[in-house]
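Reviewing the structure listed below.
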Amino acid sequence: MAKPRIYTTTALVLKYRNYGESDRFITLLSRELGQFQSFAKGIRRSTSKLTGHLELFYKVRISLAVGKNTDVVTEVQILKTLNKINNSLNTVSCALNITELALNVSTEGPGNEIIYDLLDQTLNRLNTTDESNADKLLAYYQLNLLFISGLSPEFNECVECGDKLTQQDHLYNAASGGIICPNCAPKQIGSLVNLSVNAIKVLRFIENTDIESIEQFSIPENVISQINDVLNMHIDHHTDKQIRSRSFFKGVK
Ligand SMILES: [Zn+2]
């Protein structure tokens with residue numbers, strides 16, 4: 001069925017790019033329509049009715065008119081601003097990382113419902129929770145997104161021989177997609193990263209828990225940072241695009 005000339009959807013703002021003197025291209029993710037780009041004419045003029053309505057992480061009800069190349073924003077109603085995310089540099093950095101991942105894995109059209117729900121849920125929690133939980137929520141999001149994409153890392157058995165892993169520190173290999181047991185480690189080529197027994201336990205916990213429980217669960221800072229490093233490596237290796245916001249914020253922390 002052809003799109004009507006003007007249509008409305010609920011969407012999250014993932015990215016924008018200024019254009020000309022006062023316009024902006026805005027990329028959004030809708031539960032029904034998937035990822036789409038829109039053109040917000042005059043949005044950077046202080047007199048525009050769109051000004052301040054399509055900021056990063058906002059959840060909006062948006063109406064668009066079908067355009068020649070890009071559909072044009074006609075009306076926006078803000079459903080949620082998520083402004084609290086911007087109060088902490090670390091929380092913003094996690095939120096940018098999360099939206100960038102959503103940009104990379106979501107597609108145009110239907111089939112993005114789970115990606116949308118996960119993003120919506122995680123951004124909401126980032127906006128509500130204490131900033132000390134941001135890194136845990138990032139790990140939760142990354143693990144779940146990998147699961148949705150069928151790219152989960154293996155933390156329960158050796159990816160080479162399939163043996164169940166004993167409770168100890170192990171080595172992770174991005175190229176193999178998971179943990180390598182001590183017997184198989186010497187035969188590995190490529191870089192191996194140490195994953196402590198605590199980090200492995202926490203990864204298994206996050207894999208099997210809901211978003212509320214993870215905020216209650218206390219995880220030492222060095223463990224969560226080790227986990228996020230391994231998940232970043234896994235994502236870099238197994239998805240096509242590198243996450244730009246991550247490298248941008250690396251120097252800030
Ligand atoms: Zn093995």
Side-chain angles (χ1 to χ4, degrees), residues 93-94 97-98 100-107 111-112 114-115 117-119 121-122 132-247 249-250 253:
S93 138
C94 289
N97 202 330
I98 282 166
E100 185 113 17
L101 280 167
L103 262 172
N104 289 349
V105 297
S106 61
T107 52
N112 293 277
I114 305 175
I115 294 174
D117 288 343
L118 180 64
L119 178 67
Q121 183 193 36
T122 315
S132 61
N133 288 322
D135 290 312
K136 289 191 266 177
L137 289 168
L138 174 62
Y140 173 87
Y141 179 85
Q142 297 200 102
L143 260 181
N144 277 281
L145 196 71
L146 285 166
F147 177 77
I148 293 166
S149 317
L151 297 168
S152 288
E154 178 57 62
F155 300 122
N156 295 301
E157 49 190 50
C158 170
V159 278
E160 290 299 324
C161 68
D163 276 3
K164 194 125 189 72
L165 296 167
T166 48
Q167 285 221 0
Q168 62 177 92
D169 292 3
H170 280 291
L171 294 165
Y172 162 87
N173 185 352
S176 311
I179 292 177
I180 311 285
C181 79
N183 291 334
C184 297
K187 295 169 245 158
Q188 288 294 303
I189 36 170
S191 54
L192 299 171
V193 179
N194 188 55
L195 206 48
S196 69
V197 63
N198 284 338
I200 296 168
K201 276 186 198 161
V202 172
L203 276 163
R204 288 178 187 151
F205 169 78
I206 299 174
E207 251 181 347
N208 295 301
T209 198
D210 55 74
I211 200 161
E212 281 84 18
S213 313
I214 193 170
E215 288 172 45
Q216 311 303 324
F217 190 65
S218 160
I219 306 172
E221 210 172 300
N222 63 326
V223 171
I224 196 70
S225 99
Q226 191 181 57
I227 284 173
N228 276 324
D229 283 350
V230 162
L231 291 175
N232 289 341
M233 279 173 64
H234 193 83
I235 287 167
D236 285 349
H237 203 92
H238 296 279
T239 62
D240 289 332
K241 299 170 201 163
Q242 295 257 333
I243 311 303
R244 285 183 297 277
S245 58
R246 190 191 308 145
S247 41
F249 274 94
K250 200 100 198 166
K253 278 196 186 178

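The shown structure was predicted, so the numbers you read here are calculated from the model rather than taken from an experiment. Every number for a ligand or one of its atoms is a count from 1 in the order of the listing.
Counting only distances under 2.8 Å, and ignoring water, the protein N, O or S atoms around the Zn ion (ligand 1) are C158 SG, C161 SG, C181 SG, C184 SG.
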Could you check I98 against Y140 for side-chain contact (heavy atoms from CB on, under 4.5 Å), going step by step and ending with a plain yes or no? CA-CA 10 Å; I98 282 166; Y140 173 87; over 6 Å; no

Pair C181-L165, side-chain contact (heavy atoms from CB on, under 4.5 Å): steps then yes or no: CA-CA 7 Å; C181 79; L165 296 167; 4.1 Å; yes

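Of the residues Q168, K201, Q226, the one that meets the side chain to side chain donor-acceptor pair (under 3.5 Å) test with S196 is Q226.
Within the 4.5 Å cutoff, side-chain heavy atoms of H234 are placed close to those of Y172.
For residues 214-226, the salt bridge (charged side-chain N to carboxylate O under 4.0 Å, His left out) pairs, not counting sequence neighbours, are R125-E215.
Between N144 atom CG and D210 atom CG the span is 10.0 Å, to the nearest 0.5 Å.
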